[in-house]
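Scroll down for the structure; my scribbles are underneath it.
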2 protein chains.
Amino acid sequence: MVQRGRRTAKVSGDERQDAILVTAEALLGERAFDDISIEDLARGAGISRPTFYFYFSSKDEVLLALLDRVITEVEHRVGELPRDFETDPAGAWTRSIGMFVEVFVNHRGVATAAIAARARNDEVRALWSRSMQSWADFSTDIIRSEQARGAAPGGIDAHDLAVSLNLMNERVITAVLNQESPAIVESRALDVLSTIWIRSIYGSVNPGRP
Amino acid sequence: MVQRGRRTAKVSGDERQDAILVTAEALLGERAFDDISIEDLARGAGISRPTFYFYFSSKDEVLLALLDRVITEVEHRVGELPRDFETDPAGAWTRSIGMFVEVFVNHRGVATAAIAARARNDEVRALWSRSMQSWADFSTDIIRSEQARGAAPGGIDAHDLAVSLNLMNERVITAVLNQESPAIVESRALDVLSTIWIRSIYGSVNPGRP
DNA sequence: GACAGAGTCAACACGGTGTCGAGAACCCGG
DNA sequence: CCGGGTTCTCGACACCGTGTTGACTCTGTC
């Protein structure tokens, strides 16, 4: 809201804070979070290490900020997803899962770093949880209504099923991104995941056409 | 093979090495791997920190040794699993998955530490991979033969399916053990996982009785 | 032109890892 | 029982990354 006169010899605080985030995301593209030191981030942003602490209280705080952007994007996109499950269940699920895969791929470095940091940092864990939860709730609602209208069989709690399938997605996608073995080929991932979702939700191979 | 005459004033090297492992597994039961220092392990085994390095070259090496025992147990138990899939597919899968769950639960600390360390340590990653792979191969073989005898539908690659389901198990079980949220209730975990496996392998709710 | 606040960094303290080299304890053949 | 190799032990040190402190410099304001 302020400034803009180009006579600010020193770059402003906001720009520096941003430079740190940009540096972090860039470095995460080439190596693991643990292999990036605060010194690296400071140098990348053109400041000294102590100055880094003026902007963030720790390296994890930087990751948290990065993750927060991603989470916001996911939540936004979950909200505007079409809910055409009654007419084309298979396609609708595939599009939903595809969105999830897309976000992971677009923010590969942040996603994998966050997943690793989750084990050690409470705030990262809480933030990630929140996102997983919102996605799981979204899936639970739909599964529940599919069961209610008789399109999907009962015999399993909708929430348990939704949580398990979402955790599967998280794990399978990170395995693909990290090129682990065993993993599956990236190009087939979306297809494989959708198939598992559909079969286990509908208890049949072709919901709608039995 | 040697000794046993109780006149060995100093405890032997093997006993010390073992004391370190015992200490490590005990400490892993109460706090995270990162929160255990080499000093802690040494003190627990009654030696000084530098002496620790005589037995293990790093903390990760200790985890690796611990993990190796667990892996060996899994491989052994995979081998002696009954393969009565033709007569009782649902029960056979449930028993197999149950074994997996059991090992995770019995070695909770080691399993979760190993999963976290995997991101950073090549040897841990390789060892874990090997185990997942053997379990995935086992599942792939069975799925493939179920597809061949017409009990399970095609439309999905047996290996892709096996890998995804195994990764799901890994993730769901760790979520349960770590009491993450979202997660599912421990008592229902085996039931939920089996249901997903069966529905996605057989494309039906009750394989054998359509 | 002096005051406030934002921003900057050299220097320090600390905690954990890993190494080195000097020795103690133990074990064996002579 | 004794001398020499092997096994084992640890004090002291070097190193690296984190986080803190306190003094200093801007820059904009009344």
Side-chain angles (χ1 to χ4, degrees), chain A residues 1-24 27-28 31-65 113 116-117 119-124, chain B residues 1-24 27-28 31-65 113 116-117 119-124:
Chain A
M1 274 79 173
V2 213
Q3 68 193 82
R4 196 65 340 146
R6 62 174 175 15
R7 192 68 332 204
T8 315
K10 290 278 164 160
V11 273
S12 85
D14 278 8
E15 287 171 57
R16 296 241 130 124
Q17 172 140 358
D18 218 64
I20 293 173
L21 292 173
V22 169
T23 303
L27 290 180
L28 277 176
R31 52 193 146 112
F33 187 68
D34 289 344
D35 296 335
I36 299 170
S37 70
I38 289 178
E39 177 74 45
D40 294 333
L41 297 179
R43 194 170 25 235
I47 55 179
S48 73
R49 201 172 58 76
T51 299
F52 166 91
Y53 288 97
F54 182 82
Y55 296 103
F56 294 97
S57 60
S58 72
K59 212 170 61 169
D60 282 356
E61 206 77 8
V62 176
L63 180 58
L64 204 62
R120 140 193 111 235
N121 185 297
D122 287 347
E123 291 177 292
V124 171
Chain B
M1 275 82 169
V2 213
Q3 67 194 84
R4 197 64 341 148
R6 67 183 174 7
R7 192 65 332 195
T8 315
K10 290 278 166 166
V11 273
S12 88
D14 277 8
E15 287 172 56
R16 295 240 131 127
Q17 173 139 358
D18 219 65
I20 294 173
L21 292 173
V22 169
T23 303
L27 290 180
L28 277 176
R31 53 195 145 113
F33 187 68
D34 289 344
D35 297 335
I36 298 171
S37 71
I38 289 178
E39 178 75 45
D40 293 333
L41 297 179
R43 194 169 24 236
I47 55 180
S48 73
R49 201 172 58 78
T51 300
F52 166 91
Y53 288 96
F54 182 82
Y55 295 104
F56 294 96
S57 61
S58 71
K59 211 171 63 170
D60 282 357
E61 205 78 6
V62 175
L63 179 57
L64 205 62
R120 148 191 105 235
N121 185 297
D122 288 347
E123 292 177 292
V124 171

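As a basis for the values below, the full set of heavy atoms in this structure was taken, side chains included, without hydrogen atoms, waters or symmetry mates. Chain letters run A, B, ... following the sequence lines, proteins first, then strands; residues in each count from 1.
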Interatomic distance where CG belongs to B:Asp60 and C1' belongs to C:dT17 [whole Å]: 12 Å

Of residues 46-54 of chain B, the positions that come close to DNA chain C - non-hydrogen atoms, cut-off under 4.0 Å: B:Arg49, B:Pro50, B:Tyr53

Min side-chain heavy-atom separation B:Leu21-B:Phe56 under 4.5 Å: yes

Nearest to side-chain heavy atoms of B:Tyr55, which nucleotide of C:dT8, D:dG19, D:dT9: D:dT9

Cationic N near anionic O, under 4.0 Å, A:Arg49 to A:Asp40: no

Rounded distance in Å - CD (B:Glu39) to C1' (C:dG18): 13 Å

Listed nucleotide nearest any side-chain atom of B:Ile38, set C:dG18, C:dT8, C:dG16: C:dG18

Whole-Å gap separating C1' (C:dT17) and CZ (B:Phe56): 17 Å

Residue list, side chain to side chain donor-acceptor pair (under 3.5 Å) with A:Asn121, at least two apart or on another chain: A:Asp60

Side chain to side chain, B:Phe52 and B:Glu39, heavy atoms closer than 4.5 Å: no

Rounded distance (Å) that lies between atom P of C:dA6 and atom CG of A:Asp14: 12 Å

Between D:dC16 (C1') and A:Asp35 (CG): distance, integer Å: 14 Å

A:Ile47 and A:Ile20, any side-chain heavy atoms less than 4.5 Å apart: yes

